[in-house]
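By convention in this document, chain letters (A, B, ...) are assigned in the order of the sequence lines, proteins followed by strands, and residues within each chain are numbered from 1.
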There are 4 protein chains.
Amino acid sequence: MPAAPPPTAPDLPGASAAKRQQILEGAGRIFAAHGYEGASMSQIARGAGVSKGTLYNYFDSKATLFAAFIQQCACEKLPRLFETIGEERTPEDTLVGIATAMIHLTTSPLSLMLNRIIVSEAATFPHLAETFWQVGPQKAIGILADWLTARTREGTLTVPDPVLAAELFYTLCQTRITGRKRMQLPVDSDPDHIALIARAVTRMFLNTFQTGKGPPVPEPHPHVTA
Amino acid sequence: MPAAPPPTAPDLPGASAAKRQQILEGAGRIFAAHGYEGASMSQIARGAGVSKGTLYNYFDSKATLFAAFIQQCACEKLPRLFETIGEERTPEDTLVGIATAMIHLTTSPLSLMLNRIIVSEAATFPHLAETFWQVGPQKAIGILADWLTARTREGTLTVPDPVLAAELFYTLCQTRITGRKRMQLPVDSDPDHIALIARAVTRMFLNTFQTGKGPPVPEPHPHVTA
Amino acid sequence: MPAAPPPTAPDLPGASAAKRQQILEGAGRIFAAHGYEGASMSQIARGAGVSKGTLYNYFDSKATLFAAFIQQCACEKLPRLFETIGEERTPEDTLVGIATAMIHLTTSPLSLMLNRIIVSEAATFPHLAETFWQVGPQKAIGILADWLTARTREGTLTVPDPVLAAELFYTLCQTRITGRKRMQLPVDSDPDHIALIARAVTRMFLNTFQTGKGPPVPEPHPHVTA
Amino acid sequence: MPAAPPPTAPDLPGASAAKRQQILEGAGRIFAAHGYEGASMSQIARGAGVSKGTLYNYFDSKATLFAAFIQQCACEKLPRLFETIGEERTPEDTLVGIATAMIHLTTSPLSLMLNRIIVSEAATFPHLAETFWQVGPQKAIGILADWLTARTREGTLTVPDPVLAAELFYTLCQTRITGRKRMQLPVDSDPDHIALIARAVTRMFLNTFQTGKGPPVPEPHPHVTA
DNA sequence: CATGAATGAGTATTCATTCAT
DNA sequence: TATGAATGAATACTCATTCAT
């Protein structure tokens with residue numbers, strides 16, 4: 001029968017994990033606001049409500065802390081955003097829903113921040129970009145490609161290369177709104193405008209991949225660029 | 001009859017302009033490699049082969065030097081890249097050419113570096129993003145929109161909102177290769193792959209905007225994602 | 001009956017207050033020797049036996065450190081010098097005592113240093129001059145004016161404007177010795193010379209303000225200026 | 001018959017002396033405004049309308065230039081201020097006139113600036129204080145002492161130690177106004193207030209040194225200190 | 001395990017001085 | 001002689017990291 005651990009030596013991970021999480025959340029706020037270089041460990045310690053020494057008890061260095069933060073964002077927060085993709089009646093309705101969700105996702109503060117940090121720190125932290133891509137875009141593309149494969153099998157759509165098609169759709173969703181938000185340029189991002197883009201994207205996609213479709217329909221009310 | 005001044009002799013001190021350029025090029029290398037925050041004025045001085053004092057004789061501050069570097073990149077180097085967009089026999093050939101050029105452009109080291117720096121420093125230097133957008137993507141989109149308008153007038157294409165269409169085309173060109181390069185992820189960027197993307201993009205575009213087109217043609221040889 | 005807390009243990013971290021004082025003393029030596037602009041934070045750190053970082057843990061900036069140093073000098077060290085002004089038998093003895101103390105005070109290294117720094121930095125730190133004046137000359141003048149008012153009430157002296165009279169007396173005490181020491185000019189400052197000035201000042205003062213005094217007495221042994 | 005000097009080699013000192021003067025005047029403005037440490041050679045060059053190189057053709061270093069500026073101020077500008085001391089009908093009128101002139105002098109911007117700079121730089125430039133003292137206060141005291149000696153000889157005044165008496169008078173003139181202006185403290189310096197101080201100073205002086213004078217007269221309208 | 005004082009190499013920037021033109 | 005571009009050491013201040021408590 002093993003001896004109980006001495007009460008002064010908490011090798012049980014409960015308190016430890018909680019504090020680690022507390023630090024990660026504080027660090028996240030600071031990294032999101034100031035980027036990697038712009039965030040100081042003092043700020044982070046203050047923001048997380050711990051001392052600087054404690055920071056170093058949980059993470060070897062600023063880089064380690066940063067990597068852990070990105071990992072956690074990518075692995076825990078991003079995936080939740082994909083759970084909402086459901087099944088609608090028609091492929092068109094489904095794709096419009098996916099496009100709308102994708103635009104909302106890629107223009108969310110969290111996604112914009114992750115994109116910014118990963119783009120700027122990719123050279124310093126190559127592993128982060130890899131991770132982010134796999135749990136973010138790659139996963140979205142995979143889900144969509146699977147759906148396209150299923151539609152192709154049932155004859156609703158005709159998609160010879162579902163992965164490329166999914167990538168085209170994913171990229172198309174960044175038209176205008178996401179692209180400009182990433183550079184912090186002013187752009188109209190209200191639901192109507194997002195819906196307009198989502199419909200345009202879907203139409204373009206279906207005009208290529210819908211089985212036996214007729215002539216393409218022009219968009220009903222053109223929207224002037226800001 | 002007085003001799004004309006030699007065209008290569010500027011009326012401002014020649015050494016001054018040359019040294020300014022020398023500094024800008026040195027600074028460019030460092031900024032490109034380390035970003036704005038990560039580059040130090042000492043590094044830049046060493047990289048440009050001048051003293052720190054000289055740096056400040058030519059540029060008031062690090063921010064000024066950085067802005068001058070981005071301005072020069074955006075205003076002098078980027079525009080040259082658009083001069084190659086010529087006119088081919090058919091709209092399809094023209095669009096494939098444009099897509100190919102766009103992919104080459106957006107995956108060039110200069111564009112990737114500018115994109116990275118502007119995405120990461122947009123909050124600190126909002127003006128730079130504006131400038132870059134105007135002389136880069138905005139200009140490309142404008143040229144393409146004008147071309148689409150002309151094709152619509154002559155009846156070759158049917159494009160009700162040429163600006164949105166141009167934006168969709170511009171975004172589509174970032175599929176797979178540009179998107180991954182921006183995160184420094186490994187991706188096949190040889191001419192064959194670029195051509196494949198260019199054709200896929202063009203097909204998708206024409207399936208929507210070509211007047212009286214028949215059924216869309218599926219892509220001939222699928223390409224597996226890395 | 002609970003034991004009193006040890007008088008040497010302040011409730012704020014002991015090391016903190018001690019180190020703060022250690023820094024202030026080191027800074028004082030450097031500021032006194034080189035003035036505000038002439039003192040560098042590196043010098044001060046070395047002189048105080050701490051690192052530059054520690055300096056900034058205790059004081060936000062050089063200006064803050066400087067202000068704290070002047071404040072401490074003015075508020076803690078200067079006032080002690082006024083406690084010695086006691087009451088002698090006759091007004092003449094009292095005034096000679098005050099004049100002697102005043103000369104000693106204004107020619108003390110601390111006073112000379114404060115005067116020098118405040119005169120040179122008055123434009124940069126207006127608040128310091130105000131503080132110094134209030135806790136130094138202003139206070140001395142006030143005490144003397146009160147004393148003159150009391151003597152006037154009891155009929156010993158006749159001083160219609162005690163504040164102006166006190167200012168005249170205060171200024172007179174700077175004759176020869178203080179005035180020259182402020183410019184670091186060589187001057188005899190041994191007790192005999194100080195006593196000579198104190199008597200001359202007192203005589204001049206009483207010849208104006210003593211009630212019903214007789215003819216003024218010339219000074220007994222003239223002193224040649226250096 | 002000597003050959004004319006080549007026009008390109010101006011070894012005649014005319015232009016040289018003029019430029020030297022031009023530099024000194026420009027330097028004076030900057031030194032007066034910013035002090036020794038606060039003035040930069042670039043500022044001075046700009047202010048004097050010459051290049052930095054030229055500065056060093058005329059003065060070995062910043063310290064040399066500074067010393068030359070103080071010398072010139074002390075030797076050329078200060079003495080002019082003493083020429084105004086004339087002879088009035090009575091000793092009282094003369095002394096009031098001298099006191100008034102002295103207060104105006106010591107509160108003039110030039111005097112205040114010189115005093116400030118010399119007090120703050122006395123340790124660095126001991127020679128300057130010596131020079132300034134000799135051509136300024138020392139000279140004034142000497143002139144006054146001579147006048148007091150003459151009055152003593154003719155029996156108008158009784159001044160056993162004219163130099164000490166002159167120093168007392170000189171110091172007295174710094175009461176209130178000069179003392180506070182030196183610390184840039186707010187003080188009423190309009191002519192009425194200066195006249196009040198001049199009369200108080202003179203009365204105090206004559207009460208001690210006037211031959212066979214009667215009881216001292218109190219000041220007519222007391223002035224409340226600011 | 002938590003703390004935060006201490007560190008010192010690092011940052012952007014200034015400036016007296018030199019020197020080729 | 002006059003210039004001003006170039007220099008590099010110095011300045012105030014920051015910050016990731018360590019370590020005694």
Side-chain angles (χ1 to χ4, degrees), chain A residues 8-11 15-16 19 23 37-46 49-66, chain B residues 13 15-16 18-20 23 37-45 49-65, chain C residues 13-16 18-20 23 37-46 49-65, chain D residues 8-11 15-16 19 23 37-46 49-66:
Chain A
T8 55
D11 48 347
S16 194
K19 185 142 294 195
I23 290 171
E37 300 269 11
S40 85
M41 291 298 263
S42 296
Q43 265 180 307
I44 291 171
R46 219 177 307 123
V50 300
S51 72
K52 269 193 288 182
T54 299
L55 243 47
Y56 283 88
N57 285 339
Y58 287 85
F59 301 94
D60 280 350
S61 67
K62 189 186 180 183
T64 304
L65 172 56
F66 178 67
Chain B
S16 190
K19 185 136 298 197
R20 196 187 143 93
I23 290 171
E37 299 269 14
S40 86
M41 290 300 261
S42 298
Q43 265 181 305
I44 291 170
V50 299
S51 72
K52 262 193 290 182
T54 298
L55 241 49
Y56 284 90
N57 285 341
Y58 286 86
F59 300 94
D60 281 350
S61 66
K62 188 185 182 183
T64 304
L65 172 56
Chain C
S16 189
K19 184 135 300 197
R20 195 187 143 93
I23 290 172
E37 298 270 12
S40 87
M41 292 298 263
S42 297
Q43 264 182 306
I44 290 171
R46 221 176 306 124
V50 299
S51 72
K52 255 190 298 181
T54 300
L55 240 48
Y56 284 91
N57 285 340
Y58 285 86
F59 300 94
D60 280 350
S61 67
K62 188 185 182 184
T64 303
L65 172 55
Chain D
T8 55
D11 47 347
S16 193
K19 185 141 289 191
I23 290 172
E37 300 269 10
S40 86
M41 292 296 263
S42 296
Q43 265 181 307
I44 291 170
R46 220 177 307 123
V50 300
S51 72
K52 271 195 286 182
T54 301
L55 244 46
Y56 283 88
N57 285 340
Y58 286 87
F59 301 94
D60 280 351
S61 67
K62 188 185 182 183
T64 304
L65 172 57
F66 178 66

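- The CG-P distance, from A/L55 to E/dC1, rounds to 15 Å in whole Å.
- Of the listed nucleotides (F/dA5, F/dC13, F/dG8), F/dC13 has the atom at the smallest distance from the side chain of C/M41.
- Nearer the 5' end of DNA chain F, as judged by each residue's closest nucleotide, is the contact made by C/S42, out of C/T54 and C/S42.
- D/A63 comes within 4.0 angstrom of no nucleic acid atom, judged by non-hydrogen atoms across all strands.
- Between the CD1 atom of A/I44 and the C1' atom of F/dA16 there is a distance of 10 Å, rounded to whole Å.
- Atoms CZ (A/F59) and P (F/dT17) sit 14 Å apart, rounded to a whole Å.
- Distances were taken from every side-chain heavy atom of C/S51 (C-beta onward) to each of E/dT7, E/dA12, F/dT3; the shortest belongs to E/dT7.
- Checking E/dG4, E/dT17, F/dT7 against the side-chain heavy atoms of B/V50 singles out F/dT7 as nearest.
- No side-chain heavy atom of B/L55 sits under 4.5 Å from any side-chain heavy atom of B/F59.
- Among the duplex regions that DNA chain E forms, those built from at least three successive Watson-Crick or G-U pairs under 3.5 Å are E:2-21 with F:2-21, ordered by first number.
- Across E/dG4, E/dT13, F/dA16, the shortest atom-to-atom separation from the side chain of A/S40 is found for F/dA16.
- Judged by atom type and distance alone, B/N57 does not reach the base of F/dA5 through any side-chain donor-acceptor pair under 3.5 Å.
- Residue-level contact check: C/A45 touches neither bases nor backbone, having no heavy atom under 4.0 Å from any strand.
- The OH atom of D/Y56 sits 9.5 Å away from the OG1 atom of D/T64 when rounded to the nearest 0.5 Å.
- C/I23 and C/V50 get closest at one heavy-atom pair: CG1-CG2, 4.1 Å.
- Counting heavy atoms from C-beta outward, C/L65 and C/K62 have side chains that stay 4.5 Å or more apart.
- Rounding to whole angstrom units, CZ of residue C/R46 and P of F/dT11 are separated by 9 Å.
- Rounded to an integer number of Å, the gap from A/K19 NZ to E/dA2 C1' is 7 Å.
- Between C/K62 atom NZ and F/dA10 atom C1' there is a gap of 11 Å when expressed in whole angstrom units.
- The separation between D/Y56 atom OH and E/dC15 atom P is 12 Å, rounded to whole Å.
- Taken from CG in D/N57 to OG in D/S51, the straight-line distance is 7.5 Å, to the nearest 0.5 Å.
- Judged by closest nucleotide on DNA chain E, A/G49 is the one of B/D60 and A/G49 placed further toward the 5' end.
- Of the listed nucleotides (F/dT3, E/dT7, F/dA10), F/dA10 has the atom at the smallest distance from the side chain of B/K52.
- Regarding D/I23, its CD1 atom lies at a distance of 12 Å from the C1' atom of F/dT1, rounded to whole Å.
- Among the nucleotides E/dA6, F/dG4, E/dA2, the one closest to any side-chain atom of C/Y58 is E/dA6.
- What you find for D/S42 and D/K52 is that their closest heavy atoms are OG-NZ, 3.4 Å.
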